[in-house]
Every structure is written in structure tokens, then in C-alpha cells.
Amino acid sequence: MADIRFIQGNEACALGAIYAGCRFFAGYPITPSSEIAEMLSEELPLVDGAFIQMEDEIAAMAAVIGGSLAGKKSMTATSGPGMSLKLENLGYACITEIPCVIVNVQRGGPSTGLPTSPAQADIMQARWGTHGDHPIIAVCPSSVSEMFTETVRAFNLAEMFRTPVIVLSDEIIGHMREKIVIPEEGEIPIVNRKKPKVSPEEYKPFKGEEDYVPPMAAFGEGYRYHVTGLSHNEEGFPIQSGELVHQMNVRMHNKIYKNLDKILKNEVYMCDDAEVIIFAIGGSARSSKGAIRHLREEGIKAGLFRPLTIWPFPEDELRRVCSKAKNVLVVEMNLGQIVFEVERVLGCTGVRVDGLFDSSGEPFTPLSVANRVKEIIKR
Amino acid sequence: MGVNYHEYLREKMMPHIWCSGCTHGIVTKALIRAIDKAKLDKNKVVVVSGIGCASRMPGYLDFNTLHTTHGRALAFATGVKLANPDLHLIVVSGDGDAVAIGGNHFIHACNRNIDMTLVVLNNNIYGMTGGQRSPTTYEGDISSTSVYGSIGSPVDVVNLALGAGATFVARTTSYHVQQLESYIYSGIVHKGFSVIDAVSACYTAYGRRNKQRYKSSVDMLNYMKNNSVNISAAREKNPDELKGKIIVGIFRDSIEPEYCEEYSKMVNKIKSR
């Protein structure tokens with residue numbers, strides 16, 4: 001018998017985490033993500049995992065990194081104001097290459113903003129929020145089922161590339177309820193981090209292998225290495241040499257950008273003959289899909305390009321899919337963020353890029369998206 | 001037999017960054033002796049730190065070592081410990097790291113009574129960044145951000161730890177090397193959260209600016225020697241007599257439910273339902 005449930009996106013995220021092998025969660029209450037913490041506080045003890053509510057968001061992110069270093073797949077979940085606080089230690093996880101998953105169920109901002117309403121205004125924060133050059137992976141679920149599967153994929157990518165991965169959800173996806181078929185054990189492959197195959201004496205915890213990713217020993221396994229947020233050499237000790245620092249940064253960049261085939265994922269919907277392609281993620285992509293069905297009924301050839309991995313940005317695939325289109329409409333719940341990235345990629349291809357932006361905290365209606373499409377193709 | 005320090009040091013990391021006259025090395029050696037005495041398996045020891053002069057210590061020690069972000073060491077350590085309670089967690093922190101930027105983590109780590117030991121290398125100044133006033137800088141003292149004298153009374157690390165519920169709390173100084181080793185050892189073997197306020201000296205960034213008290217780095221140790229009052233003697237004195245004194249001793253040593261054990265008990269209970 002298939003395990004069919006009618007649950008919230010946030011609950012699906014928590015179940016996806018358990019499925020992926022998450023055994024450590026540290027968090028702090030915040031709307032609209034709290035259900036993830038609540039459910040994991042109940043579920044983790046049942047699978048010999050650990051849950052802890054920390055004193056603040058900064059501490060939660062720190063504890064997650066500690067949990068991962070101790071060998072447990074680890075996760076935290078938050079929303080805008082909490083994400084801002086997590087950024088400090090997110091950067092630490094980047095430079096120390098600690099696999100972990102950070103869920104951001106986006107709400108309206110800036111600051112306290114609209115705690116119970118959706119937004120997609122943390123897209124650029126996810127990419128560039130923590131200081132310094134750093135690569136990041138961010139995935140964007142668009143349904144309750146995808147809150148499950150994308151959380152699993154986030155863990156797999158984190159483990160595969162020794163990196164923090166952000167699940168960039170929004171309040172629509174987090175709080176809505178849908179039918180979900182829970183995958184059976186083994187149905188989705190689970191990735192575990194590479195362990196060192198050499199002796200402790202030979203182990204270099206920050207020396208990349210052919211895929212640029214260093215194997216990772218857990219604390220307590222006999223490897224006794226040093227982890228620091230300072231720029232470091234392959235042994236993990238602080239360095240001043242500009243050349244070595246640059247090498248470290250470039251390798252960390254390469255481990256993501258030279259492995260794009262394993263990281264990127266897109267949904268391409270009715271784009272083959274499309275004259276206008278909507279670019280949307282998360283909650284906005286749902287309204288856009290509805291709009292496309294209306295438009296097709298009226299004979300307007302519209303399609304959807306929906307990245308499930310938003311960072312790194314799917315440059316080549318976007319260019320390919322949009323090569324025959326005349327217009328691209330970027331639909332986002334903010335005042336225009338990812339549109340600039342789309343313009344950067346399509347800028348010299350002759351495709352006209354427009355936007356439909358809204359920061360009201362109300363989801364787009366399919367009609368509002370369809371009307372905007374009609375507007376831009378009429379010009 | 002004395003302790004073989006070589007066994008515990010990453011000697012290739014020498015020379016260390018600490019200035020001459022700094023007493024962080026004395027605290028480091030006391031910590032090594034305490035770990036040796038507790039007969040901990042090096043592979044199971046995790047030393048965690050934040051940012052600052054004191055926080056460079058783990059880099060020199062041959063354990064699992066984690067040099068984290070400013071003030072956050074206890075939060076990182078909490079994650080490590082809860083994810084693997086078999087590990088022995090020791091956190092080293094400066095005064096700014098522990099009770100300014102890390103104040104919230106300090107309070108809640110004390111309250112949670114999770115089994116780890118915090119050694120605060122308390123030198124009353126931000127040394128690494130050039131001698132700015134810290135929360136434990138004495139009133140009236142000169143620092144690079146209190147050039148006319150520090151305003152307000154310093155944070156008392158021990159009182160803060162007691163108030164927040166730490167179950168082992170002690171203070172001594174870099175002058176009292178044997179007592180320091182003994183207190184750190186007691187903290188390590190204590191089941192629960194232990195805080196050792198280890199008074200340390202920074203001549204370069206602090207002592208030098210406060211010649212009214214310290215003519216040299218040695219004076220800073222002499223000050224610790226001459227102004228330390230044991231807790232039992234302190235109880236007999238009035239507050240005026242204790243002004244400017246360093247009260248040393250064990251302030252609390254009690255057994256309370258420990259966080260990881262309580263968590264484990266909860267897991268066993270619900271799984272047997």
C-alpha cells in the first residue's frame with residue numbers, strides 16, 4: 001500500500017529530511033517555518049536523531065554545523081529575519097565545507113515585514129547574503145511533494161559537494177496542503193558524504209579530489225584535524241599566502257561550478273513552440289502554470305521555465321530553452337530580483353525580458369499573469 | 001612524572017601568535033595537564049573556540065579542533081555534543097567572546113547544563129583587535145576605546161554563570177597555576193556545564209596602558225598574586241574591603257540533570273511506549 005497523505009509543505013519538508021537521513025536539527029521558532037521544527041521535534045527522537053531548540057537563529061546555525069562535524073546529517077529551518085541571522089554561520093559552513101541544509105520559508109520583508117504572507121524576496125540574499133566570495137546551492141520546491149523531494153535532493157547535494165544547501169521555499173508552498181505519495185525506502189537514492197580512505201597521518205581535510213570535493217572525517221573518528229573560518233591550507237591551518245588563499249577559493253568555486261550537470265534541475269513546460277516563456281519558481285510558478293493553460297486555450301503559445309535549482313543559475317539551459325521565444329516574462333513575488341539574472345543571461349540573444357512583480361504578500365492569480373502576458377505580446 | 005606537553009601540541013604550528021607577557025600560554029599548559037590527568041582519549045576530545053587571541057589556542061592543540069565565529073563557540077560545541085555525546089567538549093573563549101558577543105550563548109549553555117567545560121581566558125580587553133574595552137575591563141581603566149577611562153562596572157563572569165545556572169563554577173588566575181589545573185580538571189570530570197573564569201594578563205594591549213597598576217608584565221602576575229582572595233576569606237569581608245580584589249575558588253559544584261542524558265532518557269521512554 002502506498003503511503004498517501006494530505007499534509008502541509010512544511011510537514012513534507014520534515015518527512016523528506018528524515019527520509020534523506022537527517023538526524024540532527026537545531027532551530028528557533030519563526031513564522032512561517034515553525035511546523036518544520038515542530039514536526040522534527042516529534043519525529044527525530046523516534047529514529048535516534050537529536051532535536052534542539054537553540055537560544056537564537058545564530059546558535060541554531062552554529063549547532064547544525066557542529067552536528068554535521070560530529071557525523072550527523074543536519075538541518076535548520078527559518079524565514080527572512082532568521083535567515084539574516086544565519087548568514088554569519090552560513091559563510092562559516094561555506095569556507096569550512098560543512099554539509100548541511102538550511103530551509104528558508106520566505107515571507108514578506110524587509111525586516112519583520114509580513115510574517116504570515118509569502119514573498120520571494122530572499123533570492124539574492126540566498127546567493128550573496130553572507131559576506132565574501134562563496135558558491136552556494138539553492139533549490140526551489142513548488143509543491144508539497146517537492147518540499148519532500150527537494151529536501152532530499154538538498155541533503156544529497158550537501159553531502160555530495162560538502163556544502164551548505166538552501167531550500168528556498170515560500171509561505172505558499174510551506175503552508176498549503178496537498179496530496180503527497182511518500183516515496184518508499186530506496187525509491188530516491190540517498191547520498192552520503194565521502195569518508196577519507198587514508199590514515200589520519202596522511203589525511204588532508206581540505207584537499208579536493210578529482211571532483212574538487214575533499215573527503216570528510218567526523219570528529220571522534222581518529223583524524224583529529226583543525227577546522228577554522230580563517231582562510232586555510234589543505235591541512236586546515238590558517239594561511240596568509242595570497243596564492244594559497246586564491247587557490248582555496250577557486251577550488252570551492254569549482255566544486256560547484258564544474259559539477260553543474262549534477263546540480264542543476266529545471267522543469268520545462270510547453271516551451272517547444274512557445275513564443276512567450278514565463279520564468280518563475282515556487283509559488284509563482286503555480287500561478288504561471290495556470291496562466292499558461294488559459295493562454296493556450298486562447299491560442300497564445302506560452303510556456304514555463306521553472307528552475308528547481310535557482311543557484312547556481314541555470315544559464316545554458318535558459319538560453320537554450322528561450323532560443324526560439326520572442327518574450328520572456330519573469331514572475332516573482334518581489335519588486336524585481338531574479339529578472340536581472342535572466343536579463344544578464346538572455347541580454348544579447350534578442351529575446352525581450354519583462355517582469356511581473358508584486359510585494360503585496362498576495363499570491364499571483366493565474367489571470368493576473370495571463371493578462372500581463374497578453375500585454376507584453378501586444379506591444 | 002610531569003606531563004609530556006609534546007604529545008598534546010601541534011608543534012609545527014609554533015611559534016604561537018601570543019605576545020610576550022601574555023599569560024594565555026600558562027592557561028593552555030594548565031588545560032593540557034588537566035586533560036592528561038583526566039586521561040581523556042585524544043581522539044574523543046573536541047576543543048572549540050570563537051574569535052580572539054584565546055581562540056587561537058585550539059589550533060596549537062592536537063585534538064579535534066574547531067575555531068568558529070565570534071562568540072558562537074558554545075553553540076557550535078552544543079551541536080557537536082548533542083550529535084555525539086561520547087565526545088568530550090572543551091570550549092576556550094576570551095572575555096569579549098564569552099560574555100559580550102557570545103553572552104546569549106553563554107547564558108543558555110549554563111542553563112541547559114550540557115556536559116562541557118568552558119574556560120574563559122579573561123584578560124579584560126580585546127587584545128587581537130588592538131586593546132579595545134571589553135565587558136570585563138575595570139572601571140576607570142584605559143583602553144583604545146575608553147581613552148578617558150572605562151565607564152561602568154565590569155561583568156562578573158562567575159556571577160553571570162551562577163545566575164544562569166551553571167553547575168560547576170570556579171575562578172582563579174594565571175598566577176595560581178596549580179589551582180588553575182585543578183579547577184579545569186574538576187570542570188572536565190564534572191557531569192554538566194562547567195565554567196572556569198581564568199584570569200589572564202594582556203600586557204601589550206591592556207597593562208601597558210594602565211601603568212598606574214602595572215609597570216611591567218610581571219606586575220600583572222604580581223597583581224593577581226597580591227589581590228586574590230579565597231572565597232572563604234571573602235565571605236568574612238565587607239564589600240568595600242573586596243573592591244578591586246579577585247575572588248578565587250569554587251563557587252558552585254552541584255549535580256543537576258544533564259541535557260544529553262535527559263534527551264537520551266526521553267528517547268528511551270518514548271521508544272518503549
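Remember, predicted model here, so these are calculated numbers, not experimental data. Chain A is the first sequence line, chain B the second, and so forth, proteins listed ahead of strands; every chain is numbered from 1.
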Tell me, for Leu69(A) versus chain B, whether the close heavy atoms (under 4.5 Å) come from the side chain, the backbone, both or neither. side chain
In terms of heavy-atom pairs under 4.5 Å with chain A, the winner among Leu82(B), Val267(B), Leu87(B), Ile270(B) is Leu82(B)
Looking at every non-hydrogen atom in both residues, tell me the closest pair between Gly59(B) and Phe237(A) and how far apart they are. O-CE2, 3.8 Å
Could you check whether atom NZ of Lys195(A) has more than 12 heavy atoms from other residues, nucleotides or ligands sitting under 6.0 Å from it? yes
Can you pull out the donor-acceptor contacts between chain A and chain B, under 3.5 Å, including backbone atoms?
residue	atom	partner	partner atom	Å
Asp48(A)	OD1	Lys271(B)	NZ	2.9
Asp48(A)	OD2	Lys271(B)	NZ	2.9
Gly49(A)	O	Tyr263(B)	OH	3.0
Phe51(A)	N	Tyr263(B)	OH	2.9
Glu55(A)	OE1	Arg112(B)	NH2	2.7
Glu55(A)	OE2	His105(B)	ND1	2.9
Asp56(A)	OD2	Asn104(B)	ND2	3.0
Lys72(A)	NZ	Ala83(B)	O	2.6
Glu88(A)	OE1	Arg72(B)	NE	2.8
Asn89(A)	OD1	Thr69(B)	OG1	2.6
Tyr92(A)	OH	His67(B)	O	2.8
Gly220(A)	O	Lys44(B)	NZ	2.9
Arg224(A)	O	Arg10(B)	NH2	3.1
Arg224(A)	NE	Asp62(B)	O	3.3
Arg224(A)	NE	Asp62(B)	OD1	3.1
Arg224(A)	NH1	Asn43(B)	OD1	2.8
Arg224(A)	NH2	Asp62(B)	OD2	3.0
Tyr225(A)	O	Thr65(B)	N	3.1
His226(A)	ND1	Thr65(B)	OG1	2.7
Val227(A)	N	Thr65(B)	O	2.9
Val227(A)	O	His67(B)	N	2.7
Thr228(A)	OG1	His67(B)	ND1	2.6
Gly229(A)	N	His67(B)	O	3.4

Specify which of Ala63(A), Ala70(A), Ala62(A), Ala50(A) makes the most heavy-atom pairs with chain B at under 4.5 Å. Ala62(A)
Taking CD in Glu185(A) as the centre, count heavy atoms belonging to other residues, nucleotides or ligands within less than 6.0 Å. Is the count above 12? no
